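Computed from heavy atoms alone, side chains included, the values below leave out hydrogens, waters and symmetry copies. Since the model is a prediction, treat every value here as computed from it, not as a measurement. In listed order, ligands and their atoms are each counted from 1. In what follows, residues are counted from 1 in the order of the sequence shown.
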Amino acid sequence: MTARIIDGKHIAAELRGKVTDAVHRMLRDRGLVPGLAVVLVGQNPASEVYVRNKSKAVTEAGMRPHDHHLPASTSEAALLELVAKLNADPAVNGILVQLPLPEQIDAQKVIAAIDPAKDVDGFHPVNAGKLASGLPALVPCTPLGCIMLAKKVHASLAGLEAVVIGRSNIVGKPVAQLLLAENATVTIAHSKTVDLPSVCRRADVLVAAIGKPEMVRRDWIKPGATVIDVGINRVAGEGGKTRIVGDVAAEVSQVAGALTPVPGGVGPMTIACLLANTLRAACMQHGLPAPNIGS
Ligand code: NDP
């Protein structure tokens, strides 16, 4: 058996198309253009690529980017001042501060300073708490994308055994909350989990968010399971070039029923969900109904 490949690029393009249509309708009917502020501090090369891609996607969706690139020496006070300005700016509907931040800045303090209504990354404790309480919230983008991909395979996740490897606030925990909200039976595994392979073999849906290249092997997989690979790991490839691999080994496709590729799986969904969250935030702030974009 060879697993069906879940085409994240295609599914993300569909979502981006729906967001773009909704943004055009918002402009036509209300004269409003959603705005997203992306804040980058320093010159982390991976972050620079992410931020560039995000701003480009915002423009392509018909929204307005507000880019702020600050030097690596920026103080915590200066960043908090910028966040306060963006919180107060009615043209800015979403605020994203790219992580990681330089060591002189406390990331938790900065996240907590963002207006929860503009927290399109969904990392603010208010949004995390709402998600955990089953209340409407701005939900982290990568986890949202994971659930959308899993639902392309399973119309309903109710009653399925789901295992999430990883418990970060950015991916593992919110993915687990979303799976629970979909009525899956959820196990969260982490570095202290005993006999991880046998825990994973229970999973109808396995989400790997570990950050360890190709750690999940074929004998960890229940035959026919759906495997969502969140990992983005840079490893040495041929001729000294780096190549990107996920947390799941390619051999898993021999056992799984469906699998997300890396690249081209969860990654593109993250940006599409960021656009969807920005639109959602703009609608909330203008007292409009939630956009009907199917996410
Ligand atoms: P973190 O490092 O914050 O969390 C990793 C989690 O994996 C931790 O909970 C850790 O457990 C667990 N873990 C580490 N080693 C093991 C092990 N040997 N066995 C079991 N569990 C283990 O990473 P993130 O959650 O931020 O990211 C995870 C991956 O997803 C990374 O590769 C990252 O690049 C990628 N990513 C991809 C995105 C996308 O858009 N596709 C977006 C965000 C992240 P413990 O808590 O016990 O330490």
Side-chain angles (χ1 to χ4, degrees), residues 5-9 11-13 15-16 38 44-54 56-57 96-101 107-108 111 120-123 128 131 139-150 162-179 186-203 206-217 219-221 227-235 242-249 252 259-277 295:
I5 299 300
I6 307 171
D7 186 349
K9 258 188 178 165
I11 298 163
L15 177 57
R16 284 171 67 160
V38 177
N44 178 321
S47 294
E48 281 181 338
V49 174
Y50 292 147
V51 161
R52 215 173 20 247
N53 290 344
K54 285 169 187 175
K56 187 165 162 261
L96 181 156
V97 178
Q98 185 65 43
L99 303 178
L101 290 168
Q108 287 310 323
I111 290 168
V120 283
D121 254 341
F123 297 158
L131 175 62
V139 174
C141 304
T142 301
L144 261 183
C146 291
I147 299 301
M148 289 180 71
L149 294 179
V163 174
V164 180
I165 319 174
R167 55 174 162 177
S168 72
N169 289 335
I170 293 175
V171 190
K173 278 185 202 147
V175 164
Q177 294 291 356
L178 289 170
L179 287 164
V186 183
T187 302
I188 307 176
H190 46 76
S191 66
K192 305 292 185 293
T193 297
V194 175
D195 195 0
L196 183 59
S198 72
V199 172
C200 292
R201 273 193 293 274
R202 294 210 298 262
L206 178 66
V207 180
I210 318 163
K212 298 265 188 277
E214 301 178 322
M215 186 173 123
V216 176
R217 314 304 305 195
D219 63 339
W220 297 25
I221 306 297
V227 179
I228 308 291
D229 187 354
V230 185
I232 299 179
N233 307 293
R234 285 170 180 83
V235 296
T242 55
R243 114 192 130 87
I244 293 191
V245 299
D247 289 342
V248 176
V252 162
L259 174 64
T260 62
V262 176
V266 174
M269 292 303 291
T270 298
I271 287 193
C273 289
L274 173 67
L275 301 176
N277 271 357
S295 65

Peer 1: Does some side-chain heavy atom of T193 sit less than 4.5 Å from a side-chain heavy atom of T187?
Peer 2: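 The answer is no; the side chains never approach within 4.5 Å.
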
Peer 1: Taking the side chain as C-beta and beyond, is there a heavy-atom pair between T142 and V230 under 4.5 Å?
Peer 2: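 Result yes, sub-4.5 Å side-chain heavy-atom pair found.
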
Peer 1: Applying side-chain hydrogen bond (donor to acceptor under 3.5 Å, both in side chains), name anything that partners R16, two or more places apart in sequence or on another chain.
Peer 2: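 With sequence neighbours excluded, R16 shows a side-chain hydrogen bond (donor to acceptor under 3.5 Å, both in side chains) to E60, given in chain and number order.
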
Peer 1: Would the number of heavy atoms belonging to other residues, nucleotides or ligands and lying under 6.0 Å from CZ of R234 be above 12?
Peer 2: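 Counting neighbours around CZ of R234, 12 or fewer heavy atoms of other residues, nucleotides or ligands fall under 6.0 Å, so no.
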
Peer 1: If we ignore hydrogens and angles and just use 3.5 Å, is the side chain of R167 paired with the main-chain N or O of V164 as donor and acceptor?
Peer 2: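 Judged by distance alone, no pair lies under 3.5 Å.
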
Peer 1: For ligand 1, what is the set of protein residues having any non-hydrogen atom at a distance below 4.0 Å?
Peer 2: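 For ligand 1, the contacting residues are T142, I165, G166, R167, S168, V171, H190, S191, L196, A209, I210, G211, K212, M215, V230, G231, I232, N233, V266, G267, T270.
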
Peer 1: Starting at CD of Q177, measure out to CG of L131 and round the result to the nearest 0.5 Å.
Peer 2: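 Going from CD on Q177 over to CG on L131, the span is 5.0 Å.
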
